[in-house]
Structure formats: C-alpha cells, structure tokens
Amino acid sequence: MQIIAIDGPAGSGKSSVSKAVAKELGFGYLDTGAAYRALTWAVLNNGLVVANSTAEEIAKNFGYSISLDPENYWVKVGDLDLTYEIRLASVGEAVSQFASLPQVREYMHLMTKELVHASGLAGVVVEGRDITTVVFPEAQKRILLTASEEVRLGRRSAELPEGTSIADQVTKRDQNDSKVVDFLVPAAGVHLVDSTELDFDSTVKAIIALIAKD
Ligand code: DC
C-alpha cells in the first residue's frame, strides 16, 4: 500500500488539494483534521468526555466514522452526519484545546493508522498536521504544502461564514496548533511545496509529479 502524507497550515489548500490528488491517482483520501473537529463537536454537543479519559475510553465512547472515498466524503458520530457541522466556527475555535490533550492525540494516532491499514486500498492520501512526522514517517512521499500568510488568509476568507474574524480563524489557530506539533517547518525528508504563486490545478500537478518521482 502507498501512503502519501500531506501536512500544512490552515488555508494552505491541503484538504482540497489532497482530495484532488487522491481522485487523480485512484487512491483513498483521509482528512485527519475531521476527527479532531468531530471529537470537539462531540465534547461540546454530545456529552463526550475526554479530560481524564484514556485513549481506550475515547475510542469506546466516540462512535466516529469517516469515508475514505474522495468522491463521496462524509463524517459521522454514531448515526449523525456531521460533514457540515464540523466546519462551524464554534468547532474551529475550540478544536486546538482538545487536540493538545495527549490522550486525544494517542487515540487519533492509533485510529488513523488502523483506518489506513484496514482500508484494503492500493493507496491513501492522508492529510493533517502531524501526518508526515509523527503518524506516517514511513510514508512513500511526505509533503508540506505552504503558502504565504496573505494568500492563506485570502483563501480561507472565501470559506468562512460572514462576520467571522479570518485572522482569528487562521493565524491564531496555527499559532495554537504549532505549540503541539511544529508543522510550519519541513522535517528532514519532507518535500516543501509552496503554492503562493500556483493556482489549484498547478498545485495538484506539482504534487502528482513529486509522487511519480523516485
Ligand atoms: O486540518 P483542520 O484545520 O481541519 O484541523 C482541525 C484541527 O485539528 C487543527 O486545529 C489541528 C488539529 N489537527 C491535529 O492536531 N493533527 C492532525 N493530524 C490534524 C488536525
């Protein structure tokens, strides 16, 4: 099985680019941030307790599932489809607080590896903050997708509900997250792709070319 690991800060385009790369290669697509968002939603709205819980208890009580099909993406907790809800600002603002708990990260790492290895797919594009360094350091290709802060803020503003502070959503969350995992600087062996000057299609092409290269 081929694992393509893609990290990057908020607004770098890593989710849409990773999904397009997966479609192009006929691979599965796994958005690992969705699990942190769904867990945050479940703590805020569904009575999930993560403080003072073990990774095993979180696994037992969370009820999380996600599609690995880039053509049919969905996220569920139990029977509830949360594909839309996990993108709400209330979730985005609280997620770093739970993502920083060691028991949450331990659960996420085990769950992510299991999902990928049990998928039976020829390949999976996995994207998220610590995927190239902590979760899949053995991936066939490890990529850090970046863009200038100005470009990232511009891209995110198109996705956010009106009245939301873009700087709060992007810059502050990246600062909080990078205290836990430093994803802003490429680790050894990780390829840097800077999309500041690239449009969407050129970014996808650059990554496919990188994957094809030995
Ligand atoms: O990629 P995203 O913005 O949807 O991720 C949501 C949050 O989850 C983000 O604030 C950081 C956290 N996260 C993480 O800590 N590790 C991952 N592999 C993916 C996401």
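Atoms within a ligand are numbered from 1 in the order they appear, just like the ligands themselves. Keep in mind that the numbers below use all heavy atoms, side chains included, and drop hydrogens, waters and symmetry copies.
For ligand 1, the atoms sitting less than 4.0 Å from at least one non-hydrogen atom of D130 are 16 (N), 17 (C), 18 (N), numbered in the order shown with element in parentheses. Interface atoms of ligand 1 facing G128, defined by a heavy-atom separation under 4.0 Å, are 18 (N), 19 (C). Heavy-atom proximity to K14, at under 4.0 Å, picks out these atoms of ligand 1: 1 (O).
In this structure, I207 CD1 and K14 NZ are separated by 12.0 Å, a value rounded to the nearest 0.5 Å. Rounding to the nearest 0.5 Å gives a distance of 14.0 Å between CD1 of I208 and NZ of K213. Here CG of L145 is found 13.5 Å from NE2 of H191. Values are rounded to the nearest 0.5 Å. With rounding to the nearest 0.5 angstrom, the CD1 atom of I131 is 13.0 Å from the CG atom of L144. Atoms CG and CZ, from L121 and F27 in turn, are 9.5 Å apart once rounded to the nearest 0.5 Å.
Taking only nitrogen or oxygen atoms, main chain and side chain alike, T32 reaches within less than 3.5 Å of ligand 1. In terms of polar-atom proximity, defined here as any N/O pair under 3.5 Å, D31 makes no such contact with ligand 1.
Nearest heavy-atom pair across A38 and Y64 is CB-CE1, 3.5 Å.
Around atom 16 (N) of ligand 1, the closest heavy atom drawn from M108, Q97, R105, R37 belongs to R105. The heavy atom nearest to atom 20 (C) of ligand 1, out of those in G33, G8, P9, is found in G33.
Residue contacts with ligand 1, taken as heavy atom pairs separated by less than 4.0 Å, involve V95 solely via side-chain atoms from C-beta onward.
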